[in-house]
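So that the names make sense, note that chain A is the first sequence line, chain B the second, and so on, each numbered from 1.
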Amino acid sequence: MARLNPEQRAAIETTDGPLLVLAGAGTGKTRVLTTRFAHILLTGRAKPWQILTVTFTNKAAREMRERISLLLGSPAEGLWLGTFHALCARMLRRHAEYVGLTQSFTILDTDDQLRLLKQVMAPWQIDIKRWSAPGLLGVIQRWKDRGLTPERITPTEDSDFANGHARAIYTAYQARLKQLNACDFGDLMLHVTEILRTRPDVLAQYHRLFRYILVDEYQDTNTIQYLWLRLLAKHPEGPANICCVGDDDQSIYSWRGAEVENILRFEKDFPSAKVVRLERNYRSTRHILGAAAGLIAHNSERLGKTLRPGREDAEGKKVSILGVWDSDTEARMVCEQAEKLRAQGHALKEIAILVRAGFQTRAFEERLMQTGLPYRIVGGLRFYERAEIRDALAYMRVLSQPADDLAFERIINVPKRGVGPAGLQKLHAAARANNLPLTGGTKKLLEDKALKGKSAAHLRQLMEAFASTRDILAREGHVVAVEHLLEESGYLDMWRQDRSPDAPGRLENLKELTRALADFGTLGEFLEHVALVMDHDENGQDDYLSIMTLHGAKGLEFDTVFLPGWEEGVFPSQRTLDEGGLKGLEEERRLAYVGITRARQEAIIFHAGRRRIYANWQPSMPSRFLDELPDEHVIRHDEGGGFSQQGLNLSESVFDNGPIIARRRKDPMLEAAPALQLGDHVRHPRFGEGIIISADRHHVEVSFESVGTKRLLSSFIEKI
DNA sequence: TTTCACAATGTTTTT
DNA sequence: CATTGTGAAA
C-alpha cells in the first residue's frame with residue numbers, strides 16, 4: 001500500500017458498493033486489481049473462492065493469477081478467475097440440463113461452426129455469393145453478443161439478412177447444436193445468462209457465493225456480458241460489490257460487439273457508484289504522453305481523463321514521424337533501426353512493431369528474415385489453429401466423445417479413405433435412420449456389409465483404431481492412447497509421406513501437441529482447455545522482436561515501438577470508416593492512442609508514399625492522425641514531401657532528434673493537383689520524365705520514358 | 001472419388 | 001498474392 005498513490009489506494013480501499021475505476025494507459029491498473037483482491041482477503045471480507053474475477057483474455061487471467069499467488073505467497077487455486085467464456089463454461093457444465101445439454105457438451109471451434117452452419121443453410125438455397133456462410137455466422141454471433149436468442153429477433157432485424165431467412169436459419173442452427181450436444185462460443189454466455197435469468201434458485205446460489213466481483217477491461221464488454229454481470233452483481237439485499245476497471249479511451253473492440261456505453265453508463269446502472277480516476281502514468285515519457293493525449297483529445301465521446309506523467313525525470317525523446325518512399329523502404333528502415341538499437345545494447349524483447357492489420361506483417365517478416373534478426377509474429381497463425389493440430393484434436397474429440405459428429409466429419413477422409421460427399425451422405429442417412437451418431441451409423445453399415453470397396457476397408461480400419469485406442473486409454477492413459485490413435489489411423493503416416501516442405505514442421509507440431517497433453521490429467525480436461533484457451537506457450541524464451549497488431553498489443557508495453565503504415569485507408573482503416581462513420585474513426589483514433597502509449601521510451605511512426613497491396617502498388621497519403629499530434633511533442637522527418645530515397649541518411653537523426661526538417665506536407669494531393677493537365681511533361685523523383693496521358697482529381701497516369709505507364713498521386717510529380 | 005487446372009475473390013481486429 | 005472454390009477429366 002505504501003508504494004501506491006492516493007488514487008490507487010482509494011481504488012483498493014473502497015471495497016464495498018459499486019466502484020468504477022477509470023484507469024488510463026500505464027496507470028497501474030493490474031496492480032490495483034491484484035492488490036484489491038489481496039486486500040479483500042487479508043481484511044477477512046471474503047474467502048478466495050468468494051471473489052469473482054473476470055478478464056478479457058486468457059493472458060490477462062494468467063497474469064492476474066500469477067500475481068495474486070505472489071501476493072498471497074501460495075498458489076492461487078480454486079478461484080473464480082478467468083475470461084468471461086471460461087467462467088461461463090464452468091458454470092454451464094454444472095447446469096447444462098436447464099438448456100437441454102448434458103454435462104459433457106462440446107465447445108465448437110470456428111471451423112465446426114462454419115461447417116454446421118453451411119449444412120443448416122443448405123435447404124434454404126441462399127445465394128451464397130451475397131450471404132456467405134461466414135457472413136451469416138457473423139450476424140448470428142452479433143445477435144448472441146447482444147443476448148438475442150432466436151425468439152427475441154424482431155422481424156425488422158431479421159429482414160436485413162439472407163432475404164429474411166436469417167432468423168429461421170439461426171433457429172435451425174441452434175436446434176442442430178442441441179442435437180449435437182454442443183454449443184458455440186457465444187452460447188457459453190447466452191446459455192448461462194438464460195439460466196440465471198430463468199432459474200432464481202441458481203441465481204441465488206451464485207449470489208450467496210460471490211461476495212465481490214472484479215471486472216477488468218470493462219470498456220470491452222458486450223451486451224450479453226453486461227447482462228450476465230448485472231444479474232450476478234445485483235443482490236436482492238444490499239449494494240452490489242462490483243468493481244469494474246476500464247478505460248473508455250482504449251475501447252477498440254466494438255466490431256466484436258463491445259459496447260462502450262456499458263462503461264459510460266456505469267453510474268446510472270449502479271446509482272451509489274463511486275468513481276476513481278487513475279491518471280498518473282508511470283510508463284511513458286512526457287513527450288509520448290503528450291502526443292497520445294493530444295491525439296485522443298480529438299475524440300468527442302469520452303468520460304474525460306488526462307494522463308499525467310508520474311515521473312519527474314521523464315522528459316524523453318519526442319515522437320518521431322518518418323515519411324518514406326514506399327512500404328519496402330519502410331520495412332527496411334524499421335529493421336535497420338531495430339538492428340541499431342540492438343547494437344546499442346537494447347534487448348529485442350523491448351522492441352515491437354505494431355501494425356493495423358495482419359497483411360502488413362509480411363513485409364517486416366521478409367526483411368527480418370534477410371537481416372537475421374530474431375522475431376516473432378504474435379497472434380498470427382496460432383498453434384491451435386493449424387490444420388494438423390485441429391485434425392489431431394478432432395481425432396481426440398471422437399475418442400472422448402464418439403457422438404461428436406462434427407469432429408468425425410473432419411477426420412473421416414483425412415487421410416483419404418475414399419469417402420467423399422456421397423459416401424458421407426450415406427453414413428448420415430444410416431445414422432439418422434437408427435438414431436445414432438455418425439460413428440454409430442458407420443459401425444452399423446460396416447456390420448451390415450452395406451459398404452464396399454476400399455472405403456469399407458479403410459473405415460473398418462479406422463473404427464478398429466478407435467476401438468483399440470479405447471483399451472489403451474483405460475490401461476495406459478491418454479498420452480499413449482493419443483499417440484496410438486494418430487499412428488493406427490494413418491494420420492501420422494499421411495504427413496510422413498507428404499513431400500511438401502512444411503510437412504516436417506507439422507509433424508513437429510504434432511509432437512509438441514502430445515507433449516502438451518501430458519500436462520493434463522485427462523483427455524477431457526485437455527480438450528476443455530484447448531477449446532477455451534486457444535493459445536499455447538511456445539518453448540524457447542529467446543530475445544526476439546515482436547510484430548503484432550495494435551489490437552494484440554493492448555495491455556503490453558515496450559521500450560521502443562515502431563508504428564508503420566499511418567496512411568489514410570490503412571490507418572484509419574478504410575473499411576472501418578465506411579462501416580462505422582465517425583464512430584469508426586474515433587475507434588481508430590483510440591487504437592492509435594493505444595499504439596503510442598505502448599511505448600516507454602520512444603515511439604516512431606512511419607508513413608509511406610505508396611504501398612504494395614495484393615499484386616500492385618497503391619499510392620497512399622499520410623494519415624490524418626499525424627496532423628492531430630501536437631507539434632511540441634513530435635518531430636517530423638519528412639523530406640521532399642516524405643518520399644525521399646535517401647531515407648537512410650535521415651535515420652541517423654531519428655534517434656538523436658537531430659535537425660527538424662521542414663514540414664512540407666499538408667495535403668499534397670490538393671496542393672499539387674491544379675497545375676497538371678493532359679499532355680503535360682512531368683518529372684517524377686524515381687521514374688524520371690514522362691507525359692500525362694490521363695488525369696482525375698487525385699491521380700494521373702503518366703507514360704514514362706524509362707518505366708512505361710504508371711498511375712500516381714499527382715502530388716508526386718512536378719511539371720517541367 | 002480424386003485430382004488437377006483455372007478462376008475468382010477478398011483481406012482487420014478475436015474470446 | 002495466396003488461398004479458396006469450381007468444374008472437368010482421369
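- Taking only side-chain atoms of Lys416(A), from C-beta outward, the nucleotide of dT15(B), dT13(B), dT3(B) with the closest atom is dT3(B).
- Taking atom CZ on Arg590(A) and atom C1' on dT13(B), their separation rounds to 14 Å, with Å as the unit.
- One interatomic measurement links the two molecules: CG of Asp184(A) to C1' of dT14(B), which rounds to 14 Å at whole-angstrom precision.
- Rounded to whole Å, the distance from CG on Leu137(A) to P on dT15(B) is 16 Å.
- In this structure, Phe84(A) reaches neither bases nor backbone, as no heavy-atom distance under 4.0 Å exists between it and the strands shown.
- Rounded to whole Å, atom P of dT15(B) lies 9 Å from atom NZ of Lys59(A).
- Residues meeting the salt bridge (charged side-chain N to carboxylate O under 4.0 Å, His left out) test with Lys583(A), sequence neighbours left out: Glu261(A).
- For Arg356(A) against dT13(B), a side-chain N or O and a base N or O form a donor-acceptor pair under 3.5 Å.
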Check nucleotides 1-4 of chain C against the protein and report each pair of N or O atoms closer than 3.5 Å, with its distance, or say if there are none.
residue: dA2(C); atom: OP1; partner: Arg362(A); partner atom: NH1; Å: 3.1

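- Lys118(A) places its NZ atom 9 Å from the P atom of dT6(C), with the value rounded to the nearest Å.
- One distance of note links CZ of Arg386(A) with CG of Asn509(A); it measures 5.0 Å at 0.5 Å rounding.
- Judged as a salt bridge (charged side-chain N to carboxylate O under 4.0 Å, His left out), and not counting sequence neighbours, the contacts of Glu568(A) are Arg624(A).
- Considering Arg590(A), Arg589(A), Arg302(A) as possible partners of Asp249(A), the one that fulfils the salt bridge (Lys or Arg N to Asp or Glu O under 4.0 Å) test is Arg302(A).
- OP1 or OP2 of dT14(B) sits under 4.0 Å from a side-chain N or O of Thr549(A).
- What separates CZ of Phe56(A) from C1' of dT15(B) is a distance of 7 Å, to the nearest Å.
- Among the heavy atoms of the strands, none lies under 4.0 Å from Ser455(A).
- Mapping Glu587(A) and Leu424(A) onto DNA chain B via the closest heavy atom, the residue that lands nearer the 5' end is Leu424(A).
- Here Gly186(A) lies out of heavy-atom contact (under 4.0 Å) with every strand.
- In this structure, Arg367(A) forms no cation-pi arrangement with Phe364(A), as its terminal cationic atom is not both closer than 6.0 Å to the ring centre and no more than 45° off the ring axis.
- Here Arg115(A) contributes atom CZ and Thr110(A) contributes atom OG1; the two are 11.0 Å apart, rounded to the nearest 0.5 Å.
- When distances run from any side-chain atom of His85(A) to the nucleotides dT15(B), dG5(C), dT2(B), the shortest one goes to dT15(B).
- Atom CZ of Arg417(A) is separated from atom C1' of dT1(B) by 15 Å (rounded to the nearest Å).
- The separation between Asn222(A) atom CG and dT15(B) atom C1' is 10 Å, rounded to whole Å.
- Between the side chains of Gln219(A) and Ser251(A), no donor N or O sits under 3.5 Å from an acceptor N or O.
- Of the two residues contacting DNA chain B, namely Glu588(A) and Gly418(A), the nearest-nucleotide position lying further toward the 5' end is that of Gly418(A).
- The side chain of Ala422(A) has dT1(B) as its nearest neighbour among dG5(C), dT15(B), dT1(B).
- Residue side chain Trp255(A) meets the stacking definition with respect to dT13(B): its ring centre sits within less than 5.5 angstrom of the base's six-membered ring centre, and the planes differ by less than 30 degrees.
- Listed nucleotides: dT13(B), dT15(B), dT2(B). Nearest to the side chain of Asn58(A): dT15(B).
- Among the heavy atoms of the strands lying under 4.0 Å from Asn413(A) are primed sugar atoms or P, OP1, OP2 only; no base atom is included.
- For the atom pair Asn181(A) CG and Asp404(A) CG, the distance stands at 9.5 Å (nearest 0.5 Å).
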